[in-house]
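Heads up, the thing below is written out as structure tokens.
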Amino acid sequence: MALNYTKKTLNHFLKPKNIGEIKNADAYAELGNMVCGDQLNFSMKIEKGIIKDIKFMSFGCASNIATASIMTEKVKGMSLEKAKKFDWNTIVKELGGLPQQKIHCSIMAVEGLKKVIDNYEARNKKKKVKK
Amino acid sequence: MKVYLDNAATTKVDDKVVAKMQSYYLEKYGNPSSLHAKGEEAFQELHQAKSQVAKLLNTDTINLIFTGSASEANNFIIKGVARANKDKGKHIIISNIEHPCVLGPAKELTMEGFEVEYIPVNKKGLIQPSELKKRLRKDTLLVSIMTANNEIGTIQDIKKLAKLTKANGSIFHTDAVQSVPDVKLDIKNDNIDFLTLSAHKFHGPKGVGLACINPNIKIRPLISGSEQNKGLRAGTIDVPGIVGFAEALKIAYQGRQTKINQIKKLRNYFYNQLEKELGDISLNGDKDKRLANNLNVCFKGVEGEAILVDLSQKGICVSTGSACSAHNLKVSYVLQALRIKSKYLNSNIRFSLSKYTTKKELDYTIKEIKKTIKRLKNFSPIK
């Protein structure tokens, strides 16, 4: 069955945005999908409650890479509070749709975002406690 | 450049086959079941095509039942034989790397009280005859083992497996769909009761499958209705398709060894170059007992579907039986059967060449794969 990715999805796969790992990041997250074996790593830099930078590494299919790419592009510059409410439907809409069996990739990208924010908040809490 | 390296999925139809088929659509279009001259003409042509196939496979014309696909042929044989002979036993043995169109009907039969036992393959994708021997029972009705695997291209010792099965008094079927032209099929001498083929795997038309049957073994039809094929498969006979099948099989077997050697040489060149350029790859399935056109390669640390989509953008068509591709997210059960480490299960690409593949195409593919792998590895968290 042909996958029929949209042009935009293919563009994000072929030229993904925000790939790599931020040095001295404020938060990190790693997540894997047990079903398809995909893996995503995120690193994030926060300034005054705003996502200053976010980068990802991927061992995943084309849509795994494309969804992470567009998600990072969208949340960069967003407040943490707003980013917490970021919906995977936005990714699907932005890409002009995803094949049904690839919808889970957009959900995984958002899970990654939540996880890296959680990691940031957990680290911050510790810092506050220390203070 | 356009490069098609997915010939295990389907092949380009040979020009000569198309040319041969054409007149059966435009001029000799009669229904071979009709009693008039046009029908008689079609009947004679059909008989000739069937005789040609029967001769090539060393069986009798009457044993050939053409179907709409290999899936239909496998369903017909497995369910038809089991249902018609259940008084003789309800134990069925199949390998764990069979095509879904064998696994499916076998599973269906378990709901009718049949017991299906799976023979494992070894790490190279081969079935040890001893594994079959120890599973054969008094009530083993049917053994079905594919001649060559569609994903990893491994070729089984069908002669030996059939001999063991027959010595046990059981029925032997082989899905030989991927085996043309590599294996010279010989139904009579190899003790094969039932055999499946499909024209589109050897440069013939799509939609033409073949079930070779043993007339001495009872079988129930899958599609009933009119009396075509002695009631074993109803439906208007696809004369152009069968003519195309016969022509394609004839061409496939002409100068067979020369063609196999030529493809094997190109394939080995391709693999050696890949290894030289990329280093971190490995071959799934036995190196020697495999189809001349097949390579199933593990690119460690890179996801298979990403490789496939990237190459597709460069005009190169390959396939992955692994996760995230096509219909579902399941990891290839064939690769799992080889007991490959789970971290490598999602990094595999199948390349399948044909007689039309050129060295120039392979050189282009190598050049592009190198770039693809480099790009994807660059942001892979798995090192």
Side-chain angles (χ1 to χ4, degrees), chain A residues 1-22 28-43 54-69 72 95 98-108 112 115-116, chain B residues 4 6 9-10 71 100 280 298-333 335-336 340-349 368-369 371-383:
Chain A
M1 185 163 63
L3 285 160
N4 292 324
Y5 286 131
T6 62
K7 218 171 171 181
K8 197 161 177 190
T9 308
L10 284 173
N11 281 340
H12 272 274
F13 162 63
L14 294 169
K15 289 189 175 113
K17 305 281 182 340
N18 305 311
I19 49 170
E21 196 182 301
I22 302 168
Y28 296 92
E30 271 185 39
L31 74 162
N33 183 315
M34 293 301 283
V35 185
C36 65
D38 285 0
Q39 198 182 315
L40 276 174
N41 289 13
F42 288 96
S43 52
I54 179 164
K55 285 193 190 301
F56 77 98
M57 301 279 273
S58 157
F59 169 86
C61 62
S63 75
N64 174 286
I65 295 163
T67 51
S69 168
T72 53
L95 290 173
L98 268 177
Q100 192 54 41
Q101 73 272 36
K102 296 291 183 179
I103 295 287
H104 78 280
C105 294
S106 62
I107 299 171
M108 186 175 169
K115 207 169 170 184
V116 74
Chain B
Y4 184 73
D6 199 14
T10 196
S71 287
D280 209 12
C298 179
F299 294 93
K300 289 164 190 164
V302 193
E303 209 274 339
E305 195 245 49
I307 302 174
L308 181 151
V309 176
D310 199 83
L311 290 178
S312 177
Q313 295 302 305
K314 298 168 175 174
I316 302 164
C317 297
V318 297
S319 94
T320 155
S322 308
C324 263
S325 64
H327 305 260
N328 56 43
L329 303 171
K330 282 183 203 142
V331 165
S332 155
Y333 62 86
L335 295 179
Q336 274 179 318
I340 289 170
K341 280 186 190 159
S342 63
K343 67 171 177 176
Y344 298 140
L345 279 173
N346 298 303
S347 301
N348 304 285
I349 293 288
E368 292 305 326
I369 288 183
K371 289 187 214 160
T372 298
I373 300 294
K374 196 181 164 195
R375 177 175 94 80
L376 296 171
K377 257 193 178 165
N378 203 24
F379 53 84
S380 170
I382 298 169
K383 297 292 174 206

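By convention in this document, chain letters (A, B, ...) are assigned in the order of the sequence lines, proteins followed by strands, and residues within each chain are numbered from 1. What's counted below: heavy atoms across the whole structure, side chains too, no hydrogens, waters or symmetry copies.
Lys377(B) NZ to Ile382(B) CD1: the interatomic distance, rounded to the nearest 0.5 Å, is 11.0 Å. Atoms OH and CD1, from Tyr4(B) and Ile316(B) in turn, are 14.5 Å apart once rounded to the nearest 0.5 Å.
Contacts of Leu10(A) with chain B are made by side-chain atoms alone, with heavy-atom separations under 4.5 Å and no backbone atom involved. Of the two parts of Leu14(A), the backbone and the side chain both hold a non-hydrogen atom closer than 4.5 Å to a non-hydrogen atom of chain B.
Among Ala62(A), Ser58(A), Pro99(A), Gly60(A), the residue with the largest count of heavy-atom pairs under 4.5 Å with chain B is Ser58(A).
Every side chain to side chain contact (heavy atoms under 4.5 Å, CB included) that Lys371(B) has, sequence neighbours left out, goes to Lys314(B), Lys367(B), Glu368(B). Evaluation of the side-chain hydrogen bond (donor to acceptor under 3.5 Å, both in side chains) rule for Thr72(A) yields Asn18(A) as partners, not counting sequence neighbours.
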